[in-house]
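Notes follow the structure.
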Amino acid sequence: MNSGTGVAARILGTYAVIYVAYLYIPVLFLPLFSFNDSIYISFPLRGWTMKWYETMLANDALHRALINSLKVGLATAFISTVLGILGARAVTRYRLPGQKPVVAIIMLPLVVPEIILAMALLMVILRAGGSLGLVSISAGHILLCVPFAMVVLMSRFEGFDRSLEEASYDLGENGWWTFWRVTFPNVLPGIVASLLLTFTISFDEFIMAFFLGSTEPTLPVFMWNQLRFPKLLPGVLALGACILIASVFIVLIAEWFRRRNTLDSQSGDVIIG
Amino acid sequence: MTMLMNSTESKTVSQVRDYVSRRPGLRGYLLLSPTLMIVGTLMLIPVLGMAVMSFWQQTGHMAFDMSGTLNNYVEALTRDMYRVLFLRSLAISGLTTLVTVVMAFPLAYFIAFYVKRHKMVWIIVVTLPFWTSYLLRVFSWKVILGYNGAVNSGLISLGIIGEPLTFLMYNPTAVVITLTHAWATVAILPIYVSLEKIDRSVLEAATDLGDSPFMRFVRVVLPLALPGILAASVLIFIPTVGDYVTPSLVGGSDGYMIANVIQFQFGRGSNWPSGAAISLTAMTIVAILVGVFVWVARRMSGRRS
Amino acid sequence: MDNAFIEIIGVSKSFGSVTAVDNISVSIRQGEFFSLLGPSGCGKTTLLRILGGLEMPGGGKVMIDGQDITHMPAHLRPTNMVFQNYAIFPHLNVEQNVAYGLRQQRLSREEQMEKVSSALSMVKLEGFEKRGADEMSGGQKQRVALARALIKRPKVLLLDEPLGALDKKLREEMQIELRMLQQQVGITFVFVTHDQEEALTLSDRVAVMDEGKILQMDSPRQIYERPSSRKVADFIGQMNLLEGVVQSVGKRVTVRTSALGEVSVSENDQAVDVGDSVTLAARPENLRLRADSEPGAVRVTLAASAFWGHTTYYRVTASDSETDSLDVAQQDYAGAGRAGDEAWLCFNPEDLLLLKY
């Protein structure tokens, strides 16, 4: 390689580091000020304190919101992953006529502005005489999460060699045992990744939860409501910092499950080739 | 006679079973049907319901004249307030998309061509923020740009300014800055994937045939990366046009976007048909713009779809 | 066939508008090493998968050991398969892979271990029990796939291009081992390959397939020396194919070709009439070049030569026609072998094979 490439590598490398800093530093202001011993979110920092975390932990309304978020998140993760498994299995296993437009429809919620989806759902639920609450929020979240579950699981199922199932039949196992002994263990990491990622999306989601919820808010809505009171702002920062850390943690586990296996299958391919 | 009927009946049953097992497509659709049904119930029916309602007229609380009118659309397209909001939303998203993609490209290029080991670590680092709370990512800019926020208080405490700068927040610029940051992570992955897919020997061939590194970039890399650039643009442009959180938190009244008026019509304004018509108008305009954009971009690169 | 062990009777299979297997009937003896040979897409793998129950035939009947298995699902059949990509379960180690098919037999842990280690020693993989699927080379995976199938003691072992992914040297080693293994276990092998050399080396009998049909089914020697059609002749080994027209018929047939003039060849069971267009097939090693004329020799011009080690190939054209070129394989040609040189082409008419189709 000539020296020009070396200079380009250095310039691009520096740019990449700055870019990552740009991605992360703004968000880091939340935890930074959450430890600041001042009701105002401003420099200079006044000193270290844990009191915002203490007030946050003592807040009963927050506990209820957390429980609500967990309920919605678990229901969403479970249902959208099951739907994702069925859908991903169908499109990777069978050659479906008109598959492209059908998959495009399932993926549509990824690109339609959330506010429109939320308003349309709100309208239909109220017109049909339904009530708002955790169920309607979960419905909205399932709509948003199914495309993600499909993407995660489709890549897993595509990497899964069809002849493994055939080998199992050939060695004497019927459909059920083949699923249990071969298919399930091989797609399990994808299922775990899908559960974790859809849970995170639901847990962090605001628009659907805000418009399709009733008086009992989820955590992001609870946080939004707090924003109106400047006095409560440091507590919101503390809560936000906790949510950020929880999300990062869950997503890292999910990514570990997802990537570990694609790497496995890649190295397998290299050996065969 | 009964025997005959029985045998023909069981024959039809077995024929149906045969038909299903011989048509893998049909079995596939049976498997897909729960997913399709849920998505259909939760998205297609509501959006169709919205379309129907957009032709009604609000006459009172939850009371509608269902005879069918285009008034809501006429209003959505002609009222100055709506026109300003539409144009502002499109301008803000367009600018956001442009800045985000231009900023993301060098990074994606770096990861695809210069990172040799730990590629996955880089990918995870740049995509991780995507999975964190959107609300919090936007909120952090309120903390930074606010009247008593990090920038103002920081500059004051350093003695650079005496009074807080008021132009930092509650305007379209603040919305663009915030959106650009909030969506940065979405742009990288599609561009990276399209760059990563480029066969390295194609680049060597371009050099071998006499292209300088710059010409090679323009003539080979950029055209091959186009699908990723288009995907990134679409994935950012469409959702940001309808974004609600960012204009509400940092936009102020000067930075309000179309989502704010949609929410108002369905909420306090309590004019559902009008809200529905504005929503559908917004979706149509965006769909047309995206279609034209993709078509022109493909045309310019001189490739078949 | 008298003692047929596998009987495929009029089996067909289509995928959409494509007919993969077209009304094929085959009988295979017990303990036979039987190969299905043909280019990719000829239907050989589909026929193998029909035997294994992984595809259901659209019509026809399949019998193994007197039992009609046409509609029997794959997991109940007395057949086992070695897959083209081996299909080693990636989440299981070697031992678990090999023992996979033993679950239904409800063996004790000791019995199972014993079976696994004897299967592994059969394929020379002792000591690999705890290896992961991703820690093995292609050749080792292939052995695991073999052991995993053989441990079931199938009546028939189906092999779908099992050596295709191996490099040349390893492939030749495995061919010998496979043949020895088959003689040792005495199981009927049905072997699919597109490599004609492999099919001829390994098999007791070979079926040459093309476009869903069997072109010829015979011993390797017969297929090599007496191909029954132009297609088989072209597919198996190097072969010169010369177009000609029948001049007279009888016990010997006179054929006029533009390259060799009029030649009298044996009838070869081909019912031909005067005026028929036919093909004369000649192996390069059955032709000879001489610097000097001799009775019955044809004057040719050397176009090119290629040294192959054990022999040299010469491409020659008959003087009176530029398009009629033939390949000659010869070790001891005395001439310089430069392009443009003149030479005499000698042949024994008994080595020329008359083919009608």
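With chain B as the partner, the residue from Leu117(A), Ile105(A), Val146(A), Ile243(A) showing the most heavy-atom pairs under 4.5 Å is Ile105(A). Residue with the most contacts toward chain B among Thr200(A), Val112(A), Val102(A): Val102(A) (heavy-atom pairs, distance under 4.5 Å). When the candidates Leu110(A), Val91(A), Leu108(A) are compared by the number of heavy-atom contacts under 4.5 Å with chain B, Leu108(A) comes out ahead. Between chain A and the options Tyr134(B), Phe237(B), Trp122(B), heavy-atom pairs under 4.5 Å are most frequent for Trp122(B). The greatest number of non-hydrogen atom pairs below 4.5 Å with chain B, out of Phe211(A), Phe206(A), Phe210(A), Tyr22(A), is found for Tyr22(A). Your options are Val20(A), Ile201(A), Leu197(A), Leu122(A), and the one with the most heavy-atom pairs under 4.5 Å with chain B is Leu197(A). Comparing Ser248(B), Ala282(B), Ala104(B) by how many heavy-atom pairs each has under 4.5 Å with chain A, the most go to Ala104(B). Of the listed residues Val47(B), Asn152(B), Val241(B), Ile188(B), the one with more heavy-atom pairs under 4.5 angstrom with chain A than any other is Ile188(B). Among Met53(B), Gln265(B), Met283(B), Arg137(B), the residue with the largest count of heavy-atom pairs under 4.5 Å with chain A is Met53(B). Ranked by non-hydrogen atom pairs under 4.5 Å with chain B, the options Ala120(A), Gly84(A), Pro113(A) are led by Ala120(A).
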Kindly determine whether Phe110(B) and Tyr19(A) satisfy ring-ring contact (aromatic ring centres under 6.0 Å, His included), including the steps that lead there.
CA-CA 11 Å; Phe110(B) 172 74; Tyr19(A) 193 100; over 10 Å; no

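Within the 4.5 angstrom heavy-atom criterion, no atom of Leu155(B) approaches chain A. Proximity to chain A is limited to the side chain of Ser157(B), based on heavy atoms less than 4.5 angstrom apart. Residue contact with chain B, scored on non-hydrogen atoms closer than 4.5 Å, involves the backbone and the side chain of Leu23(A) alike. Interface remark: Thr180(B) contributes backbone and side-chain atoms alike to the contact with chain A (heavy atom separation under 4.5 Å). With a 4.5 Å cut-off on non-hydrogen atoms, Leu227(A) touches chain B through its side chain but not through its backbone. Neither the backbone nor the side chain of Arg93(A) comes within contact range of chain B; no heavy atom of the residue lies under 4.5 Å from a heavy atom of that chain. For Ile144(B), the part lying under 4.5 angstrom from a heavy atom of chain A is the side chain only. Looking at Leu233(A), only its side chain comes within 4.5 Å of chain B, counting heavy atoms on both sides. Contact annotation for Leu107(B): both backbone and side-chain heavy atoms come within less than 4.5 Å of a heavy atom of chain A. Neither the backbone nor the side chain of Val82(A) has a heavy atom closer than 4.5 Å to any heavy atom of chain B. Contact annotation for Leu135(B): only side-chain heavy atoms (C-beta onward) come within less than 4.5 Å of a heavy atom of chain A. In this structure, chain A has no heavy atom under 4.5 Å from any part of Ala287(B). In this structure, chain A has heavy atoms under 4.5 Å from both the backbone and the side chain of Trp131(B). The contact between Leu30(A) and chain B is made entirely by side chain atoms (from C-beta outward), counting heavy-atom distances below 4.5 Å. Of the atoms belonging to Tyr147(B), not a single heavy atom falls under 4.5 Å from chain A. For Leu44(B), the part lying under 4.5 angstrom from a heavy atom of chain A is the side chain only.
Between Pro26(A) and His181(B) there is a side-chain heavy-atom pair separated by less than 4.5 Å. At least one side-chain heavy atom of Val221(B) sits less than 4.5 Å from a side-chain heavy atom of Leu195(B). The shortest side-chain heavy-atom distance between Met120(B) and Glu255(A) does not fall under the 4.5 Å cut-off. Counting heavy atoms from C-beta outward, Leu203(B) and Phe113(B) have side chains that approach closer than 4.5 Å.
For the pair Ser69(A) (side chain) and Leu219(A) (backbone), a donor-acceptor distance under 3.5 Å is present. Looking at Gln263(B), its side chain never comes within 3.5 Å of a backbone N or O of Gly267(B) through a donor-acceptor pair. Of the possible polar contacts, none joining the Thr81(A) side chain to the Phe78(A) backbone as a donor-acceptor pair under 3.5 Å is found. Proximity of a side-chain donor or acceptor of Thr132(B) to a complementary backbone N or O of Leu128(B) within less than 3.5 Å is not detected. Looking only at distances, a side-chain donor or acceptor of Ser80(A) sits under 3.5 Å from a matching main-chain atom of Thr76(A). Ser133(B) places a side-chain N or O within 3.5 Å of a backbone atom of Leu136(B) that can act as its donor or acceptor partner. One N or O on the side chain of Gln99(A) and one on the backbone of Leu96(A) form a donor-acceptor pair closer than 3.5 Å.
Between Leu83(A) and the options Leu36(B), Val39(B), Thr35(B), a side-chain contact (heavy atoms from CB on, under 4.5 Å) holds for only Thr35(B).
Taking the six-membered ring where the residue is Trp, the centroids of Phe29(A) and Tyr24(A) are separated by 6.0 Å or more. Here the two rings, on Phe217(B) and Tyr109(B), have centers that are under 6.0 Å apart.
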